[in-house]
Amino acid sequence: MTTPSERIVVAQLASGILDYAEAATNGTVARLPYPGNLQLALDRLTMLAWRQEVDPPSGVVGLLQLASTPFGDWDIQLPEADVDPDESLLAHGRPTATCEEFGTLRGDVEGEMRENALLRSVMDKTRAAGAPDSYVAFRRLLIERPAITALELDMKLADPALAIVADELRQAYPEVPPEAKADGIVRTCAGCHGVRLPLDDDRTWTCQDESCPAPGTSGPDHPAAEGVHWLRRELRTFITGPGRAELRIAEAVASMGVPALLWPDFDSCDVSVFADRPWAADVKAWRNPVRLGRSLRKKLFTVPPGTDRAFIVIAREQVRAHPRYIALLRRACPDLKPGNRVVAISEKQFLDYVRKRAEEQS
Ligand SMILES: [Zn+2]
């Protein structure tokens, strides 16, 4: 028997955890056996452990404990898995951004399908209505308001720009989970405007967003009885996280007096800069450059017709956390090196390029 790819094992474990978390949210855990991916990951990790002559995880419970442990502390070695030693798949019993990134690497991604189905439905409806402003309003709401009170959500649903995607908005914003309102109060984060959840001690409340610009700051508290909704986790990871950088970049470009469009033509790219011979930017906020590179190798973004230059732009937070991010990304996906149709650069470098071209033109 051949040794299973370490990357596939970790992706399977991540998928199993996401399925498990999804079932737990829906309250269906007690009626279901463990997700198939968890069992498969357990079998395969057990095989790896035997080969490396270390102890395998003791059942699914041991597997979940292992998932909460940083990879650097595992007895089982995973040099081929594209993980950083300080990363884990679970933190305080909840899936991490690392877990979400691995989840998207599996072949048949339920979470990704769901996300795509929802976003595709928004795109189809706004396109059919000839309402690009509605599409932009939807994206902007998800970024600016990951948590929203029932009253505010009702007001948004009544907003003419958002009314045509009311069904999708309701799907995107389920009620906060029970642990968020244990003592009758839902706490928010001033940094990302999301929900803060209690740690195991039930006294410390933390922001769940790993790229939150100010995770320690408390935002307004809301009485749970009035109803509070929280954006689905995969939308927080893949829309809200990079979205903050998208809004920031568009604002920085506009402040140079250069026109910037967010998600033009129903998301042909994230930010389009310059009216004439435009530049297209696809903004990425993945935690790990090698995993992003692998994902881009499978599917690089389609450059909109008429584009002068196209960039994968890595958000400031990620470059700061991983100093060699761009080099590692270009190595994992050589199609992104300078000279290609699409080039990977940092947010700062992108803004420098824009400034230079704006100065040359004036
Ligand atoms: Zn936050």
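All ligand and atom numbering here is 1-based and tracks the order in the structure. Predicted model, so just to flag it, every value in this text is computed and none were measured.
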Charged N to carboxylate O under 4.0 angstrom, D270 versus R139?
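R139 and D270: salt-bridged.
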
salt_bridge(R244, E317) N-O dist < 4.0 Å: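 Looking at R244 and E317, the cut-off is not met.
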
Cation-pi check, R232 to Y173: give yes when NZ or CZ is under 6.0 Å from the six-membered ring centre and within 45° of the ring axis, no otherwise.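 Judged by the rule (NZ or CZ under 6.0 Å from the ring centre, within 45° of its axis), R232 is not positioned above Y173.
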
In residues 141-163, what donor-acceptor pairs under 3.5 Å come from side-chain atoms, sequence neighbours left out?
unit_1, atom_1, unit_2, atom_2, d
E144, OE2, R140, NH1, 3.2
R145, NH1, E152, OE2, 3.1
R145, NH2, A147, O, 3.4
R145, NH2, E152, OE1, 3.2
R145, NH2, E152, OE2, 3.4
T149, OG1, E152, N, 3.1
T149, OG1, E152, OE1, 2.9
E152, OE1, T149, N, 3.2
D159, OD1, A161, N, 2.8

Fill in: Members besides V186 in its Ile/Leu/Val/Met/Phe/Trp/Tyr cluster (side-chain heavy atoms under 4.5 Å)
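Joined to V186, directly or through intermediates: V176, V195, L197, V228, W230.
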
### Query
Which residues and atoms, protein N, O or S only, are under 2.8 Å from the Zn ion (ligand 1)?
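The answer, once waters are left aside, is C189 SG, C192 SG, C207 SG, C212 SG.
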
Got a list of side-chain donor-acceptor pairs under 3.5 Å for residues 325-339, not counting sequence neighbours?
unit_1, atom_1, unit_2, atom_2, d
Y325, OH, W286, O, 2.7
R330, NE, A344, O, 3.2
R330, NH2, A344, O, 2.8

